[in-house]
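Quick notes on the structure that follows.
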Amino acid sequence: MAHMRSIWRGDLSFGLVNVPVKVYSATESHDRSSHQVDSADGARIRYRRVREGTDTEVEFSKIANAYESESGERVVLTKDDLAMLPVNKSPEISILEFVPIDQVDPIYFDKPYYLEPASKSAKAYVLLAKALETTERLAIANFTLRSRTRLAALRVIDGVMTLQTLLWPDEVRVPDFDFLSSDVEIRDQELDMAASLIETMASDFDPSQFEDTYQVELGKLIEARADGSQAFSESEEEPADDDSEVADLLAALRASVKGRGRDVDDDTEEKPAAKKTAKKKAAKKAAPRRAAG
């Protein structure tokens, strides 16, 4: 990890056990770097922090945060004030409990961090990592990073303990859509056909098979503009046919399944045996087992 720089150091603690660790950001952006310019002549755009109503610039170190109290009074807190909060003085990642992996919905996952052993011996670290894998549980922990209290799930990815910060419950919106309260009728044949298409496209997830199309095309455009050539052919620039959006769902599903080498009965009534098999396969795919790492 010589090429990675730790952003935090502390103790992973539970009970009477303390495991010294270094914390590293587990992700990085692959977006092309850019800066804003005036489209007319390419002049660089700069932002300055100025006092409202004046042109007087304020140094970043002198900028504070204003909050509103429950009574409506404005309260100004400086960075030194915020540093006085007790949670900011704790160097611990405190494990609160161990829960089954499938009980933490991915919607709560936020930013991941890698943990590296910070002591001479990695035995305690490796022991905890293997215990988490064996029990198929996540450790729920809290810690403070950059003046914010975080809730996190500790899990193991390729032998490395990974701390995945979690959103707080009030940060996850409750969906409120009209269709949830409407009575949508789904026929068995429709469900079986949709399940059949899913079966024909079933695979194991391999993220290396995919690429960021936007970044690839952006790179082509940049290089083409740099040497004065055309980035894309006219056929690549043609918009998609809007008629595809209003195509009949069942017809599209039937065509998709047939195109993948599976015959589909066009009759409205499906054979009992075939229907039972399709439902059985759909049930198997309905609740995939989440990976521990």
Side-chain angles (χ1 to χ4, degrees), residues 1-31 33 79 82-169 171-172 203-212 287-293:
M1 283 194 180
H3 62 288
M4 298 178 67
R5 179 178 298 179
S6 64
I7 60 173
W8 193 81
R9 183 170 183 158
D11 289 331
L12 183 61
S13 66
F14 61 105
L16 300 177
V17 179
N18 286 282
V19 182
V21 292
K22 294 179 182 178
V23 181
Y24 299 81
S25 178
T27 61
E28 60 184 1
S29 174
H30 66 194
D31 290 353
S33 60
K79 294 178 179 61
L82 296 174
M84 293 172 57
L85 294 174
V87 294
N88 284 330
K89 299 177 182 179
S90 173
E92 289 189 347
I93 300 172
S94 301
I95 294 178
L96 309 175
E97 58 186 4
F98 296 91
V99 302
I101 289 175
D102 58 4
Q103 287 187 3
V104 181
D105 194 286
I107 197 172
Y108 287 97
F109 287 162
D110 196 13
K111 186 173 175 57
Y113 296 90
Y114 290 143
L115 303 185
E116 178 192 27
S119 57
K120 293 182 179 179
S121 172
K123 184 172 183 177
Y125 177 101
V126 174
L127 176 60
L128 177 56
K130 288 188 177 297
L132 281 174
E133 289 183 307
T134 301
T135 58
E136 297 186 349
R137 288 181 177 268
L138 297 175
I140 300 300
N142 63 13
F143 69 109
T144 302
L145 179 64
R146 299 191 180 104
S147 299
R148 283 191 60 192
T149 302
R150 320 279 178 135
L151 187 67
L154 182 67
R155 55 193 181 126
V156 181
I157 300 178
D158 296 332
V160 177
M161 282 199 285
T162 303
L163 198 66
Q164 186 105 31
T165 57
L166 302 175
L167 296 173
W168 296 101
E171 292 181 309
V172 178
S203 181
D204 292 323
F205 179 58
D206 179 6
S208 64
Q209 294 181 355
F210 308 99
E211 64 179 8
D212 188 339
R289 179 177 174 271
R290 290 193 182 131

Tell me, with the steps shown, if Val23 and Leu115 meet side chain to side chain contact (heavy atoms under 4.5 Å, CB included). CA-CA 5 Å; Val23 181; Leu115 303 185; 3.6 Å; yes
Determine, stepwise, if the pair Leu12 / Leu163 fulfils side chain to side chain contact (heavy atoms under 4.5 Å, CB included). CA-CA 11 Å; Leu12 183 61; Leu163 198 66; 5.6 Å; no
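Partners of Gln209 according to the side chain to side chain contact (heavy atoms under 4.5 Å, CB included) rule, which considers only residues two or more places apart in sequence or in another chain, are Asp206.
Judged by distance alone, with hydrogens and angles left aside, the side-chain atoms of Arg155 form no donor-acceptor pair with the main-chain N or O of Gln164 at under 3.5 Å. Of the possible donor and acceptor atoms, none in the side chain of Arg150 sits under 3.5 Å from a partner among the backbone N and O of Thr165. At least one donor-acceptor pair closer than 3.5 Å links the side chain of Tyr125 to the backbone N or O of Met161. Side-chain N or O atoms of Thr162 include one that pairs as donor or acceptor with a backbone N or O of Val160 at under 3.5 Å.
For Lys130, the NZ atom counts as loosely surrounded, since its 6.0 Å shell holds 12 or fewer non-hydrogen atoms of other residues, nucleotides or ligands. With a 6.0 Å radius and a threshold of 12 heavy atoms from other residues, nucleotides or ligands, Lys111 has its NZ atom above the threshold.
Each of Asn142, Leu151, Ile107 was evaluated against Leu166; a single residue qualifies, Leu151, per the side chain to side chain contact (heavy atoms under 4.5 Å, CB included) test. Evaluated for a side chain to side chain contact (heavy atoms under 4.5 Å, CB included) with Ile93, the options Val19, Leu145, Val21 yield exactly one hit, Val21.
In this structure, Phe210 and Phe205 have parallel ring planes: the angle between them is below the 30° cut-off, well short of the 60° mark.
For residues 9-21, every residue pair satisfying the side chain to side chain donor-acceptor pair (under 3.5 Å) rule, not counting sequence neighbours, is listed here: Ser13-Glu92.
Separating the CZ atom in Arg137 from the CD atom in Gln103 is a distance of 7.5 Å, to the nearest 0.5 Å. For the atom pair Ile95 CD1 and Leu138 CG, the distance stands at 11.0 Å (nearest 0.5 Å). The distance from atom NE2 of His30 to atom CD of Glu211, rounded to the nearest 0.5 Å, is 10.0 Å.
Nearest heavy-atom pair across Ser6 and Tyr24 is N-CE2, 3.4 Å. Among all heavy-atom pairs drawn from Pro169 and Tyr108, the shortest one is CA-CE2, 4.1 Å. Closest approach of Thr144 and Trp8 over heavy atoms only: O-NE1, 3.6 Å. Among all heavy-atom pairs drawn from Thr27 and Pro112, the shortest one is CG2-CG, 3.6 Å. Considering all non-hydrogen atoms of both residues, Phe143 and Ala152 come closest at CE2-CB, 3.9 Å.
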